[in-house]
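Here is the structure we will look at, set down as structure tokens.
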Amino acid sequence: MASLGKLLRSAGFRFALLYTAAFVLSVAALGFLVEIALTTTLREQAQHRIDAEVGALVDEFVHGGRVDLDVALAGRFARGGGRLSHAIVEVDGRVGVGNPDLAALAGSADTSARPVSAAGGRKLARPLIAATRRLGDGTKLVVADDLQGIKEVTAILNRAFAIALMASIVFGLGLGLVVSRRLLARVDAVTRTAEAIIAGDLGRRIALSGSGDDFDRLSRTLNRMLDRISGLMENLRQVTNDVAHDLRTPLTRLQHGLLTSGKQASTVGEYRASIDRAVLEIDEILTIFTALLRIAQIEAGARRAGFRSIDLSDVLRTVGEAYAPGIEDGGRRVRYAIEPDLRIDGDRELLVQLFANLIENALHYTPPGATISLELARSGAGVVAAVADDGPGIDVAERDKVLRRFYRVEKSRGTKGHGLGLPLVAAVAELHAAILTLSDNRPGLRAAVSFPAPA
Amino acid sequence: MKILLIEDDEATAAFVRSEMAEAGHDVAFAPDGPSGLSLALAGGHDVAIVDRMLPGLDGLALTRRLRAARVRTPLLFLTTMSGIDDRVEGLEAGADDYLVKPFAFAELLARVNALARRPPISAIVTVLRAADLEMDLMARTVRRAGRSIDLQPREFQLLEFLMRNAGALVTRRQLLENVWDFHFDPKTNIVETHMSRLRAKVDRDFDCWLIETVRGSGYILRGLSG
């Protein structure tokens with residue numbers, strides 16, 4: 001019962017109800033108009049018939065006198081079946097021949113056929129159409145029709161319309177129920193999915209019917225929205241985890257250092273040294289924290305709104321030149337292969353950081369004597385930027401892992417760095433819908449970022 | 001120098017006030033947005049330091065109202081670290097500089113000094129001077145004691161920033177932001193390596209060294225600016 005109640009309250013059913021009501025009203029109005037037109041026509045036809053009959057009988061009287069008239073009437077009575085009734089009212093007011101009920105209609109004046117509902121001050125049992133004519137001998141001829149035929153026709157018509165109305169009500173409501181049940185099923189599917197998600201089953205998605213209708217379109221959009229939300233939540237969860245796990249190590253180190261010097265330090269110099277160490281630790285913690293939040297913020301994608309047309313050639317060259325003295329001072333070389341004036345839509349500040357991180361990475365993982373190449377070239381409709389070196393490179397097995405937060409190549413543990421450089425590069429690339437690939441430069445590592453064509 | 005500090009965090013405010021006083025500056029202080037705004041509207045400050053998150057009226061709105069009221073006091077925005085967009089928003093609201101918490105006091109002082117020294121927009125300077133160093137901004141030439149010094153474009157920008165702030169501490173981060181437009185902390189000594197090349201050109205052949213390194217903080221160009 002509850003589900004029927006829900007069905008009856010559903011928007012689909014209400015719409016069907018409204019539609020059916022409108023349909024029924026218009027059918028009823030049509031029936032009413034048809035009835036009026038039909039009765040009017042039938043009544044006019046009856047009047048013509050009566051007037052014609054009166055004319056024919058008067059002709060009989062004029063040519064053959066009362067005898068011929070009586071013969072003609074006798075013939076009519078004998079045939080029967082006709083709808084008309086006749087009477088001849090004698091001079092003394094009695095009905096000589098025909099229907100005695102018509103005596104009352106024989107007034108003083110002649111009338112052509114007209115509706116009559118009362119005669120001689122009395123209401124008739126049923127309304128008639130009647131005509132009277134005074135004949136030459138003082139008698140009166142009355143011809144009448146009791147409208148029974150018209151009533152029968154309209155009764156048939158009314159019955160037909162009533163059946164049609166009933167059918168359309170039943171059909172309309174039935175169809176309304178079927179359609180609204182189907183719509184309700186789709187809405188219920190969406191509602192059930194939403195309830196499941198609210199209850200914690202975040203992976204649930206709305207099933208599509210495959211018909212590509214409005215519901216499918218809506219469901220697809222909702223599913224995409226859910227994907228986006230769960231991506232953001234995953235992102236948030238990851239940041240929380242990272243912060244919890246990976247800041248704990250330096251924080252513990254800081255705590256131990258402070259506890260130790262609290263117990264062991266005695267001179268001002270020793271205290272000062274331990275404070276300096278603590279400040280350095282805190283700086284490191286803040287750096288990690290900033291980098292994590294920055295990655296999270298980039299991954300959230302909020303910055304795409306600030307995209308502008310950027311001269312990527314200029315960005316790569318500027319960053320390269322900023323690092324060139326440091327690279328050369330370490331006994332390495334920089335090689336530029338940058339096509340000029342290549343533009344993409346992007347965020348300059350983040351792109352600067354992307355290239356800076358790649359160059360710092362190359363600098364960090366190559367021995368003196370290495371060459372670091374900065375390359376930028378058109379590729380199809382897009383642009384490919386690459387930072388390549390001829391150092392030891394990264395093992396194939398490790399290439400995916402280095403993009404993870406806090407992952408550091410095993411051989412490099414113990415060197416400076418916190419493992420957030422490449423994940424940030426990956427996040428910035430992703431924000432720009434660019435693809436980051438790490439490949440073998442034979443020898444060395446080649447980190448390439450393929451940007452799509454500007455929109 | 002008269003400094004207006006609008007900051008709701010008591011510890012930060014106390015720290016900045018005592019350090020500024022030690023550096024010889026007067027600090028007017030407001031702990032919330034509305035009282036800060038009325039102090040700022042009264043004017044008479046050389047620099048305003050405004051926290052981004054303030055009770056009553058946040059730092060962005062305060063800055064906008066101040067600029068709408070045509071108060072042109074140089075303004076430095078303080079904010080917590082998270083927002084990448086915060087800097088852009090702050091600058092668009094009318095702030096002149098931007099510093100992320102936590103910060104070293106030396107960094108704050110250097111930036112406040114730089115803001116206070118900033119010449120009014122109307123004053124067009126074409127030649128900078130410090131000691132015997134002379135920089136022609138139109139011809140893009142540098143001479144020291146009459147001898148021409150040949151600089152790369154980036155070295156020129158670096159020296160220009162030092163000369164505009166001659167006599168005052170300039171931090172690494174100020175240089176990264178103003179010379180390279182880098183708004184992150186590189187793990188490589190970009191500033192140091194460029195500075196040593198600049199120094200080789202400006203100082204090596206002279207008895208008196210003009211560019212002085214302040215350990216852990218930044219650099220000072222000796223000699224009064226012109």
Side-chain angles (χ1 to χ4, degrees), chain A residues 239 276 279-280 282-298 300 302-306 314-315 317-330 347-357 359-364 415-418 420-421 424 427-428 431, chain B residues 11-12 15 79-92 98-107 151-159 161 171-173 175-201 215-217:
Chain A
V239 174
D276 285 349
V279 168
L280 283 179
I282 289 174
D283 278 349
E284 177 64 10
I285 292 169
L286 288 173
T287 307
I288 294 177
F289 199 65
T290 310
L292 275 176
L293 290 177
R294 207 168 164 85
I295 291 174
Q297 210 176 9
I298 294 165
R303 245 171 119 72
R304 215 168 289 159
D314 177 58
V315 172
R317 184 166 288 281
T318 305
V319 178
E321 280 168 0
Y323 281 94
I327 295 172
E328 286 159 4
D329 288 355
D347 183 309
R348 187 184 170 98
E349 190 178 325
L350 293 179
L351 290 169
V352 164
Q353 192 163 9
L354 179 148
F355 291 130
N357 281 23
I359 293 172
E360 281 181 354
N361 231 50
L363 198 53
H364 197 79
T415 58
K416 204 166 162 261
H418 46 60
L420 289 171
L424 194 135
V428 174
L431 182 77
Chain B
T12 310
F15 171 69
T79 108
T80 45
M81 52 172 43
S82 67
I84 307 180
D85 292 319
D86 285 3
R87 183 175 55 82
V88 179
E89 256 184 306
L91 297 183
E92 277 172 1
Y98 177 98
L99 190 56
V100 171
K101 287 182 188 175
F103 53 87
F105 181 74
E107 186 76 42
L151 296 180
Q152 301 283 322
R154 201 64 72 178
E155 292 166 346
F156 187 91
Q157 274 177 275
L158 189 56
L159 185 60
F161 193 81
T171 66
R172 271 180 74 232
R173 273 170 64 184
L175 290 171
L176 280 170
E177 287 177 16
N178 288 286
V179 177
W180 283 275
D181 201 18
F182 280 15
H183 298 276
F184 61 98
D185 199 9
K187 281 174 280 302
T188 317
N189 305 326
I190 292 182
V191 178
E192 288 79 348
T193 51
H194 281 269
M195 194 61 85
S196 79
R197 294 195 173 198
L198 176 64
R199 219 178 226 156
K201 293 181 180 176
R215 250 183 66 96
S217 299

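So that the names make sense, note that chain A is the first sequence line, chain B the second, and so on, each numbered from 1.
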So which part of Val319(A) gets closer than 4.5 Å to some heavy atom of chain B, the side chain, the backbone, both or neither?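 Looking at Val319(A), backbone and side chain both touch chain B.
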
Answer with side chain, backbone, both or neither: which region of Ile359(A) has an atom nearer than 4.5 Å to a non-hydrogen atom of chain B? neither

Can you list everything that forms a salt bridge (charged side-chain N to carboxylate O under 4.0 Å, His left out) with Asp314(A)? Sequence neighbours excluded, please. Arg348(A)

Quick one: are Val352(A) and Phe184(B) in side-chain contact, heavy atoms under 4.5 Å? yes

Those residues of residues 189-198 of chain B that come under 4.5 Å of chain A on a heavy-atom basis, listed by number, are Ile190(B), Thr193(B), His194(B), Arg197(B)

